[in-house]
Amino acid sequence: MNPEQPDYLQGLNPEQLSAVLHEGGNLLILAGAGSGKTRVITTKIAWLIRERGFAPESILAVTFTNKAAAEMKERACRIEPACERANLRTFHSFGAWLLRRNADLAGIDKNFTIYDDDDSAALVRAALPSLARPEATRLAHAIARAKDYSLDPDSPDLGAFKGFSDFRRCYAEYQQRLRATGNVDFGDLINLPTRLLEENEAVRRRLHDRFRVILVDEYQDSNVAQFRLLKALAGPEAYVCVVGDDDQSIYRFRGAEVQNILSFPDIFPNTATIRLERNYRSYQSILSIATSVVEKNEGRLGKVLRAERTGGGKPQLAVLANQNEEAAYCIRIIDKHLRNGGSFSDVAILYRTNAQSLAFERAFPPAGLPYRLVGALRFYEREEVKDILAFLALVSNRRDEIAFRRIINKPVRGIGDSSVELIIEEAFAQNQDFVSAAAVVKMKTAKGRAGAAAFTAFIDDLSARFEQNLESLARLVEHCAKESGLLEYHRGQDEIAGSQKVSNIDELINAASDYPATRDGLSAFLEAVELDRAMASGEVLQDAVTLITMHNTKGLEFPVVIITGMEQGLFPRDNEEGEELEEQRRLLYVAMTRAKNELYLTYCRNRLFRGRIMDYPPSRFLAELPAGSYETTGGKLNLAVSAAMATWKRGMNVYHDDHGSGQILAVKDAGEAGVCLVVRFETGRQLQFFPKYTSKLEVLKNNDF
DNA sequence: CAATTCGGGATCTGC
DNA sequence: TCCCGAATTG
C-alpha cells in the first residue's frame, strides 16, 4: 500500500489499481463475478477527474441496465461529487440523448417517442394486415434482431434472417411506416446515432471533441450495433475502456455478440488487458458450485475465480411439492435470517420468468413480508399505463400511428375498425396527422361522429394545456386520465377483475411530478417510462425482500440468494440446446454468483402452468452439479429422469428395430425406471417404452432439436 | 357497422 | 389462465 496514494485508492488490489491508473492506449478489463469491477470503474472516473484534470462532461460511461447505471452514478458521486456532470447512462438512453439533440440531422421529430416491442409488433400488423398476430410478433422480433446486427433492409447480409417469405420487403415496409410516425424503436436508438456519426462530419467532430473517455460496462452483452456505435463515437484522442466477463454473457437471445470482447484488442489498437480474478463477494463453496456450472460449457475464455473470504456453508437444495411450498420455504429461510439479526433487504428471490413472481406476491403479504418487485411490469399491469401514455404521446406527436390506434376507441366511443382504417388512409392520402384526419373523415354512424369530435376536441384541449404551461406535468397527466375516461374505464376493469389498474395510474401520475409541464418535459417523461420499466412500479420500500428475474440481477449482490424453479422444462426449457443451453448455464452462473453468504436452490415436483398442474423432473443442471457441492433437503431427487428428459423429447422422430419410424407423443416421469415414452409409429400402432430397459429405440437425425 | 361472446391455442429472458 | 380471432347479435 502506498501512503502517498489518495484515500479512495487505498484498499484496491494491485490488478484493480493498475486498471484504475492505466492510461495511454485502450483497456480491456476481464473481470470475473464479484471482482470489484464497479468499484474499479467508479474509482477510475473519479481519478480521471481529480488527478488527471478531465472535465466530467468529457466522460461517458455506458451500462446495460438502468439499475446498474443508477448505482454507478451514486457510487462515483460518493467518491467525487463532480461525477454528477459526467454522462453515466444505458446504451439506449445515451442514444436517445444524442438523437434529441440532433433530431433534425437524424431526420426525425425532436419530440419522438420510443416504440417498445409491443408497439413494434403493432406497427408490423398495421403495415402488413394480412399477417396473423403470432407471425407479426415473430416478424417484429426478426426485425429487432436485424437492427441488433446493424442491418438495413437493403443490407446484403440480411439473408441470414430466414423463415419469412419476403423479409427484406416486410422490413422495408415496417421501416417506412415507422419513419412516417416520426418515432423510433429500440434498435433505432443505437443505429440512428451511429449513422449520424458516420455520415455527418460536423457532428462527429463535435462528439469526438467532447467525449475523451468512454467506458463500457458489461461489455460481453453488447451487440454488433452497439459495437459499431462505440467505434463511431471513439475519436482518435479518446480513451476507451471496456469491462466484461464472457461467462456472464446472457443476452445472446437479443443479439449480444461475445465476439465483441474477443476482437476488441484487434479493433482498438494499443489495448492493454487486465484480469480481475479475486472474488471479494462470495464464499468458496458458492464460487465452486457456480464454476462447476460454466465448466460444462465449451466455448469460453476460461478463468479462475479465487475467493478472498473464508468460511461459509454449503449451498442448499430444497425439494418441494409445488410453487406454494416453494413460497413457504422461502418464508422460512427469510424468518431464520431475520432471527439471526439480518434484514429483509439482504434476501433476493430469483426466478427465470416474471410469471413466477405471482406465488411469492400472494404468499408474502399474509406472512408480513415486505417485498420489492424489480423489473418488468407484467403486461396487464402495463396496459392502463400505456393507454394514458398513448394520449400523451399523441399530444407530443400526432403522427404516432400506434398511439392513435390504441386509444382512438378506448374507452369505446363508437369508432370501429373500419372507421379507424378510413381515418388512417385519409391521413396518409392527405399527408396529414391522424388527429386532424379524425376530425375530417365522415363517420358512418351518429355515435361515431360524436366520438370522433369528442376525441379530437380532447387532444386539442390537452395540447392547449401544454402550451399554456400553467399546471404541473403530474396534474396534466391526472387531467388526461380523468377526462379521457380511461380512469373510469379501468376502475370498472378493476372491479370486474380485482386488478390494480387505478393504483398503477396513480403511480404514473406520481412519476410525472419529477418533470416540467412543457413539451420537452413530456418527451423526457415518456422516454424515462419507456426506457426504465421499473420507474412507475411504485414507491421504494426501505427494507424489503427483492423479487427479481435472474437476468435482472446482473451486477447486483445479496447476502442471501434463493434461486427458485430448478425444473427441467422451465430452466432450462426443453428446446434449449447447444449455444442456447450454454447461455442458460451462464445465467445460472450469474444467479449463483450474486450470493455473498448463503445460496439456496429450490426444485418443485409440480407447478401450476397456464392454469394446469404440470409435473416437472429436476433441471438437468442439477444433474450436472458435483455430488458434494451442495446439500439436499426435503426429499430425494431422481436425477436419472432429468438426464433422460434431456435426451427424449415430445415430437422427436425415432426409429425402433421392430416397429420402424415413429414420433414421440409424450415423455412421462417413471420414477426409478427413468422416463416412459409414448410413441406412435407410421404403422399406426401406439406403444410405450422405457429407454432405460431397451436399446432398440434410437433418435433419428432429422430432428429440429 | 360496432360490440360482445365463445372456443382454440399458447409458453421467456429486456433496453 | 389469458389472449386472439371468428362468429353472432344489437
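Residue numbers start from 1 in every chain, and the chains themselves are labelled A, B, ... in the order their sequence lines are given, proteins ahead of strands. Remember, predicted model here, so these are calculated numbers, not experimental data. Computed from heavy atoms alone, side chains included, the values below leave out hydrogens, waters and symmetry copies.
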Would you tabulate the pairs of protein nitrogen or oxygen atoms and nucleotide nitrogen or oxygen atoms of nucleotides 5-7 of chain C closer than 3.5 angstrom?
from  : atom 1 : to     : atom 2 : distance (Å)
C:dG5 : OP1    : A:R125 : NH2    : 3.1
C:dG5 : OP1    : A:R133 : N      : 3.0
C:dG5 : OP2    : A:R125 : NH1    : 3.1

Worksheet entry | Verify stack between A:Y251 ring and B:dT13 base, 5.5 Å, 30 degrees | no
Rounded to the Å, how far apart are [X] [atom1] and [N] [atom2]?
| X | N | atom1 | atom2 | answer |
| --- | --- | --- | --- | --- |
| A:L608 | C:dT1 | CG | C1' | 8 Å |
| A:K447 | C:dG10 | NZ | P | 14 Å |
| A:L350 | B:dC12 | CG | C1' | 15 Å |
| A:H141 | B:dT13 | NE2 | C1' | 10 Å |
| A:M614 | B:dA10 | CE | P | 14 Å |
| A:R612 | C:dC2 | CZ | P | 14 Å |
| A:R145 | B:dC15 | CZ | P | 13 Å |
| A:R449 | B:dA2 | CZ | P | 12 Å |

Item to complete: Please determine if a side-chain N or O atom of A:N66 lies less than 4.0 Å away from the OP1 or OP2 oxygen of B:dC15.
Response: no
Worksheet item: Under 4.0 Å between a side-chain N or O of A:T549 and OP1 or OP2 of B:dG14?
Response: yes
Do [X] and [Y] get their side chains close enough for a donor-acceptor pair, meaning under 3.5 Å?
| X | Y | answer |
| --- | --- | --- |
| A:S150 | A:R228 | yes |
| A:Y371 | A:S357 | no |
| A:T113 | A:D400 | yes |
| A:N223 | A:E257 | no |
| A:R352 | A:Q584 | yes |

Check every strand shown and say whether [X] touches a base, only sugar-phosphate, or nothing at a heavy-atom separation below 4.0 Å.
| X | result |
| --- | --- |
| A:S419 | sugar-phosphate |
| A:R573 | base |
| A:F91 | nothing |
| A:N409 | sugar-phosphate |

Item to complete: May I ask you to decide if the ring planes of A:F227 and A:Y219 are parallel, tilted or perpendicular, using 30° and 60° as cut-offs?
Response: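 A:F227 and A:Y219: tilted rings.
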Worksheet item: Parallel, tilted or perpendicular: which describes the rings of A:F404 and A:F455, with under 30° parallel and over 60° perpendicular?
Response: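 Geometry flag for A:F455 against A:F404: perpendicular rings.
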Discussion item. Could you check whether the side chain of A:D116 and the base of B:dG14 have a donor-acceptor pair of N or O atoms closer than 3.5 Å, going by distance alone?
Written reply: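 No.
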Closest to the [X] side chain, choosing from [options]:
| X | options | answer |
| --- | --- | --- |
| A:N354 | B:dC15, B:dT13, B:dA3 | B:dT13 |
| A:R352 | B:dG14, B:dC12, B:dC15 | B:dC12 |
| A:R254 | B:dT13, B:dC15, B:dA10 | B:dC15 |
| A:R610 | C:dT1, B:dT13, B:dC15 | C:dT1 |
| A:Q584 | B:dT13, C:dT1, B:dA3 | B:dT13 |
| A:F186 | C:dT1, B:dC15, B:dA3 | B:dC15 |

Discussion item. With a 4.0 Å cut-off on N to O distance, would you call A:E218 and A:K37 a salt bridge?
Written reply: yes
Discussion item. Pick the closest DNA chain B nucleotide for A:T353 and for A:I415 by heavy atoms, then say which residue is nearer the 5' end.
Written reply: A:I415
Practice prompt. By nearest nucleotide on DNA chain B, pick out whichever of A:E583 and A:G414 is the more 5' one.
Written response: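 First, find each residue's nearest nucleotide; the 5'-ward one identifies A:G414.
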Discussion item. Is the positively charged end of A:R177 above the ring of A:Y174, judged by distance under 6.0 angstrom from the centroid and angle within 45° of the axis?
Written reply: no
